[in-house]
Protein chains: 2
Amino acid sequence: MLQVKDIPNAEILQKFADRYPQTDIKNVMTFLNLLRVGSDLSLGLNSYLAEYDLLQGRWWVLLLLMREDNLSSTPSALAEKAGVSRATMTGLLDGLLRDKLISRVHGRQDRRQILIRMTVLGQAKLDDLMPGYYQRVNQLMQALSETETTQLMSLLKKVYQRRHVFEDESHLK
Amino acid sequence: MLQVKDIPNAEILQKFADRYPQTDIKNVMTFLNLLRVGSDLSLGLNSYLAEYDLLQGRWWVLLLLMREDNLSSTPSALAEKAGVSRATMTGLLDGLLRDKLISRVHGRQDRRQILIRMTVLGQAKLDDLMPGYYQRVNQLMQALSETETTQLMSLLKKVYQRRHVFEDESHLK
DNA sequence: AGCTTATAGTTAGCCAACTAACTATGTCAA
DNA sequence: TTGACATAGTTAGTTGGCTAACTATAAGCT
């Protein structure tokens, strides 16, 4: 994602507002800040995971497997839950297999399916990194009080519900 | 970036919390929501820009040039402001040049430098897409009242100031 | 049974980010 | 003034997303 390092200040936005009268400066600044916080946290998370030879994609796959009672799932189901294409999931699983964090087993009933299972090594990897992850999330969120965290959640949810405005013309009046 | 489609619910997080006692479920959920809102908005923005044969990287370069009085800057300065590597900027500028949205001119004084200038076509492209962009940002932010927007801004800023917790061991106590 | 269509996974090729290494030019201090 | 270091931009190679097309298998009509 774009790393929005340098959000325009009010003066610069005013220049744009003169050229494009629809501009609501406050809205734009809030929007850009949302993008920036998201991308910065995402990059930060990646840099933490990289210490364990993972990135978000493969880490998330391990977490999805950990959720399952038998530590197993199929590539399609994982792709769906992780929000990536099946092709991308193939690549992620290739990487996890190379590091022996998962194993591939052919399904019994449906011979098209493959069963992905997290290995002991995969579990050990998660056990290794998750405490530090939670510790850092806590550190981060200590920026806010309990009440503020609740507020932030609620505000994010409201924005999230409108996320389709960019994609779909029908949301414009 | 990871598309966190499926944020774990409280029950699943509880399972993780049993395994990793540091877990603060509320903090994790808020963190994941921040990531998700950011990535969704980013993908949405990309899909809007794609209608105009742009993505965030090249669009942001055009915006940076538009801010300049003479519509010009250098690749290094642009890389710095956009928060990408100089190598990435070379690639973005290649793309913009291919579509004739910018021009490259050799600098006078420092013969290492190259001057990038937005063309008339580049300005026309921005003039074409920016109104729709602002319109959509407004649509999005109408999810919140004026007061809520102010609140959100302030909460985001507090979180943003702690963004380095993932990168730098020294921020942990 | 035999088409047609749908689903699971992989492969190939594209894109835009990255780092490392390279060329060319500039700067500065002994 | 020249040798060491710094800066500007590009190139090469890697990564992890994507779509489109492919193979194999399954399911459902008629």
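Just the heavy atoms: all of them, side chains too, but no hydrogens, waters or symmetry mates, feed the values below. The sequence lines fix the lettering, A, B, ..., with proteins before strands; numbering per chain opens at 1.
- Residue whose closest nucleotide on DNA chain C sits further toward the 5' end, between A/Arg104 and B/Met89: A/Arg104.
- Distances shown here put a side-chain N or O of B/Thr88 below 4.0 Å from the OP1 or OP2 atom of C/dC18.
- Of the side-chain N and O atoms in A/Ser76, one or more sit less than 4.0 angstrom from OP1 or OP2 of C/dG9.
- At a cut-off of 3.5 Å, with distance as the only test, no side-chain donor of B/Asp24 or A/Asn138 sits close to an acceptor on the other residue.
- Residues B/Leu55 and B/Val137 are members of separate hydrophobic clusters, defined by side-chain heavy-atom contacts under 4.5 angstrom among Ile, Leu, Val, Met, Phe, Trp and Tyr.
- Between B/Tyr133 and A/Phe16, the distance separating the two ring centers is not shorter than 6.0 angstrom.
- Of the candidate nucleotides C/dA16, D/dT10, D/dT19, C/dA16 has the atom nearest to the side chain of B/Leu55.
- Relative to the side chain of A/Leu92, the nucleotides C/dG9, D/dG9, D/dG17 differ in distance, and D/dG17 lies closest.
- Comparing the start and finish of the helix from C/dA1-D/dT30 to C/dA30-D/dT1, five pairs each, the helix axis swings through 0°, to the nearest 10 degrees.
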Write down the protein N/O and nucleotide N/O pairs, taken from nucleotides 21-25 of chain D, whose separation is under 3.5 Å; answer none if there are no such pairs.
{"unit_1": "D/dT25", "atom_1": "OP1", "unit_2": "A/Arg111", "atom_2": "NH2", "d": "3.4"}
{"unit_1": "D/dT25", "atom_1": "O2", "unit_2": "A/Arg112", "atom_2": "NH1", "d": "3.3"}

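- Remark: A/Arg104 engages A/Asp94 in a salt bridge, criterion side-chain N to carboxylate O under 4.0 Å.
- More than 12 heavy atoms of other residues, nucleotides or ligands shown are found within 6.0 angstrom of NZ on B/Lys15.
- Taking only side-chain atoms of B/Ala87, from C-beta outward, the nucleotide of C/dT10, D/dT11, C/dC18 with the closest atom is D/dT11.
- Under 3.5 Å, the side chains of A/Tyr20 and B/Asp127 contain a donor-acceptor pair of N or O atoms.
- Side-chain contact check for B/Ile114 versus B/Val105: every heavy-atom pair is 4.5 Å or farther apart.
- For the residue pair B/Thr150/B/Thr147, the side-chain donor-acceptor check at 3.5 Å is not satisfied.
- The separation between A/Leu54 atom CG and D/dT15 atom P is 14 Å, rounded to whole Å.
- When the side-chain nitrogen and oxygen atoms of B/Ser85 are compared with OP1 and OP2 of C/dC18, one or more of them lie within a distance under 4.0 Å.
- The phosphate of C/dC15 has neither OP1 nor OP2 within less than 4.0 Å of any side-chain N or O from B/Arg98.
- With 3.5 Å as the limit, one finds a donor-acceptor pair spanning the side chains of A/Gln14 and A/Asp18.
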